[in-house]
Amino acid sequence: MNSTLQDRRSAREGTRPSPMPAPVARWPRASAATLGIPLAYLAVTAFGTWWIDIRPEALAAGFGDIARLLERMVPPTTGPLPDLLALALETLWIAIAGTGLATLASVFLAAAASRRYTGPRAIQWLARTIIIVTRAVPSLIFAILFVRIFGLGPLAGGLAIAFHSVGMIGKMMADVFEEQDPAPREAIAAVGASRTQNFVSTTLTRALPALASLVLYRLDINIRASAVLGLVGAGGIGVALQTAIGSLNYQRAAGIIAVIVAMLLVLELVSYLVQRAVAEHAGEHTQSQLFRAGRQPASPGWDRARITRTAGAVAAVALFLYSLGQLALNPARLGQAWDNALALLSGFVPPVFTADVALGIFESVIMALTATSFGVAAGLVIAVLSTGHLVRFEPLAVGLRGIVVVLRGIPDIIYALVFVAALGLGPFAGFLALSLSCTALASKFFTDSLQNVDPAPLRALEATGANRLQVFVSGVWPQFVPSFIGNSLFTSDLALRESAVLGIVGAGGIGFLLDESVATLHYQQTAGILIGLIVVVVALESVARWARRKVI
Amino acid sequence: MTATTRRRQVPEPRPMATAPSTGMAETAPPSVVLNGLGMSFSGKHVLRDVDMEVRPGQFVALVGPSGAGKSTLLRLINGSHRPTQGSVSVLGVNPAMCSRKDLQLLRTRVGFVFQQFGLVGRLSALENVLMGALGSLKLPRYGISTYPIALRERAVANLERVGLLDERFQRCDTLSGGQQQRVAIARTLMQEAEIVLADEPVASLDPSASLSVLRTLKKLSAEDGFTVVCSLHQVDLALQISDRVVAVRGGSLIMDTPTAEASEEAIRAIYQQAKDDRS
Ligand SMILES: Nc1ncnc2c1ncn2[C@@H]1O[C@H](COP(=O)(O)OP(=O)(O)OP(=O)(O)O)[C@@H](O)[C@H]1O
Ligand SMILES: [Mg+2]
């Protein structure tokens, strides 16, 4: 969503008719940001390359090790297929239940966090804090904490998904609320409606189409996230993967990974189709007559559109309730959960920071930023090769795009799992995993925005007799730069969150210490790690936001 | 001109076509009483020493150049602003002294029509009209079918009264500006308000739609007996529609006469003078 909004914005800005002036005019104006940020990034990358010890020989040796591991993975097996399918379904229920819970909660959160909120300041402040904190803590970390509270199983997973998504959905909803025209709200306040009535009738109704597409987009991400929650015991198909890897059964691990990827790709297709249907339905150009006349003038009649609409809503609610039921909510266990939660929370004070914690967080940041640089570079090459501005070779473009789709289908932590098995513990495995996922992500973003470049200035350049390279440098690149920078920063944002959890499987960074501190009941250290992580994530996010504003 | 002389000029209310629900007689208490009303925003005076009394059933046109304080005056009457001086009494209630609940209650009795309509564009005309009844309901509502059938029937009847029966299931953002303002008026009718305040209700409409929307408002007010205070920029429309013309300039009432005695030139002079003042 972030990326598409950015793309749309940059595409709009890119359509200024003159093809040439952008780089010339831009450099002197925002030189601190435009020079400082890439330089800082290069410095971090250089440092990271040294810290993680990324050398060509190491890479070559690593590829050998990975190839040997892959050999041990063929032929893939799956074990008992019904069991695996049941776990795959459980993954789906976790994602749906978690997304639904997050949606319900985020409506209230967004209403309170939005600038339009007129109630007590303290509540608004609280809502904004919850949004920031839950966005900064990855779902796998929530899962570790909830497994400690609710025990092993999908309940912990569903809640982890819900907690992490609530911040993102809440933030975007609050933005939607803030952008609304205040006139209807004022009009309904003037008829003497209560604040709740007014919120439902004017604010929520108008936000509904945006909310629907936001929820579907988030569901897509959450299905991917729930596929790996089993690695920490929070239910879903990841449990089977964890067992297979734990018993060094690489053939079965490969089979399970294949099932996960297939499942994610199929669900991505389904979600794309649903999103398109919803978007079409909510589009501005739907028919102006919302209902057919019914039997009585005051009751709308039923036509196909209304039946579809109602059936869709009922099905969504039913699906959500059913998935809630599948979370294995056991009242007997809830009493115990309360005690566990109290123990955990009271164990948090006072938080303890150690040099190890600082080092772990530092390593996570370095891994993420270095991998982003490599991923952005590789993604740029792939995007340029697959969009035909420089090279026009259709099979290459199609092949590259297929590879990107599959690469994107595999969650980062699964790459990390495989690389750790092949190369041993440490940040090198994490770096490689992150680089792969950053490459996939960045090439997707870049391909999209390269395709959306305004063709008019390119034609004008071609007409002057410029060759392809000249057209690319003078026509395509200036249009592409803003979205390139925005999407690179967004990629590094996501990478940072991922790199914080890779340590759970031993791939470097703070995740290892976090997992260990919970397992050994060192909750004070857990609290220290969480606080440090939140501060760093929020700080880097603010820097990225500042940079994006400066540069774009 | 002093406050007393001004008040003497207030014309008697016309006999009403139908008795309003409260059963007001000719001697009924005034709908609105403004007493030495003043308003300033962070020290800047926007309204000064305004005295005015509006009789039930009257159609008052509020005219005056931009920035004169017309919107502010209407907002003071509806309790959106608290006066910094003097007092407001609406239907015997002082909105500035009300609790939030009482203000909500008072607002159900006072309709407000906005220049920008304030409709939810993606909903049907009928559902927008139904929202006018929210003040009489406890819970939030979503969707036409969640409103009681009696209210729905009234909503359809009100849409018919503003001439939009066939458009009741149409998305509001696909209606013309004039039609949208009619939906907003039908929404106000749902309140069965005793007073309707209208802030430049036709400023975004073309001249013929403007006249027809105002005529509808006038007709409804005559039928249901509600009082109207309507700010207008078009002098000719004000003279055609209203019973009484009140002119505001620089935050003071500078004219208040029965429409029959008002001269178009005098009012135009007010606008002209405002232009001269500025230049
Ligand atoms: N909330 C506010 N805060 C500060 N100043 C305000 C506020 N509302 C109105 N004003 C000022 O009060 C003055 C009168 O504004 P008002 O909107 O009442 O004028 P108006 O007669 O309705 O003008 P128009 O015909 O342009 O709508 C203006 O100078 C305006 O800037
Ligand atoms: Mg105004």
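Protein chains get the first letters and strands the later ones, always in sequence-line order, with residue 1 at the start of each. Being a predicted model, the structure only gives us computed values, none of them experimental.
Between chain A and the options B:L175, B:L134, B:L103, heavy-atom pairs under 4.5 Å are most frequent for B:L134. Of the listed residues B:G121, B:P140, B:S80, the one with more heavy-atom pairs under 4.5 angstrom with chain A than any other is B:P140. Annotation: maximal heavy-atom pairing with chain A below 4.5 Å, among B:E127, B:K138, B:E167, occurs at B:K138.
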* To do: Start with the C-alpha distance between B:T174 and A:Q289, add both sets of side-chain angles, then the distance that settles side chain to side chain contact (heavy atoms under 4.5 Å, CB included), and finish with yes or no.
  => CA-CA 9 Å; B:T174 64; A:Q289 210 64 25; over 6 Å; no
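Residues B:G118 and A:A187 come closest through the heavy atom pair O-CB, 3.7 Å. A:S201 and B:M131 get closest at one heavy-atom pair: O-CE, 3.6 Å. In terms of heavy atoms, A:G192 sits closest to B:T108 at CA-CG2, 4.0 Å. Among all heavy-atom pairs drawn from A:A293 and B:F169, the shortest one is CA-CE1, 3.7 Å. The two residues B:V156 and A:A298 make their nearest non-hydrogen contact at CG2-CA, 3.6 Å.
In this structure, the side chains of A:V191 and B:M190 stay at 4.5 Å or more apart for every pair of heavy atoms. Under the 4.5 Å side-chain criterion, counting only non-hydrogen atoms from C-beta, B:I144 is in contact with A:F291.
A donor-acceptor contact shorter than 3.5 Å is absent between the side chain of A:Q197 and the backbone of B:R141. Judged by distance alone, the side chain of B:R168 and the main-chain N or O of A:P297 form a donor-acceptor pair under 3.5 Å. Listed for the B:R122 side chain is a donor-acceptor partner under 3.5 Å among the backbone atoms of A:T205. A donor-acceptor pair is defined here as one N or O able to donate and one able to accept, closer than 3.5 Å; no such pair exists between the side chain of B:Q116 and the backbone of A:A183.
Residue B:Q170 touches chain A through both its backbone and its side chain, counting heavy-atom pairs closer than 4.5 Å. Only the side chain of B:L126 comes within contact range of chain A, judged by heavy atoms closer than 4.5 Å. Heavy atoms of A:R185 lying under 4.5 Å from chain B are absent altogether. For B:L151, no part sits under 4.5 Å from any heavy atom of chain A, backbone or side chain. Both the backbone and the side chain of B:S124 come within contact range of chain A, with heavy atoms under 4.5 Å apart. Neither the backbone nor the side chain of B:N128 comes within less than 4.5 Å of any heavy atom in chain A. Contact annotation for B:K101: neither backbone nor side-chain heavy atoms come within less than 4.5 Å of a heavy atom of chain A. Heavy atoms closer than 4.5 Å to chain A are found in the backbone of B:V110, but not in its side chain. Of the two parts of B:L139, only the backbone, made up of N, CA, C and O, holds a non-hydrogen atom closer than 4.5 Å to a non-hydrogen atom of chain A.
Atom CZ of B:R82 is surrounded by 12 or fewer heavy atoms from other residues, nucleotides or ligands within 6.0 Å. Within a 6.0 Å sphere centred on CH2 of A:W125, other residues, nucleotides and ligands contribute 12 heavy atoms or fewer. Heavy atoms from other residues, nucleotides or ligands lying under 6.0 Å from CZ of B:F112 number more than 12.
Between atom CG of residue B:L119 and atom OG1 of residue A:T202 there is a gap of 11.5 Å, rounded to the nearest 0.5 Å.
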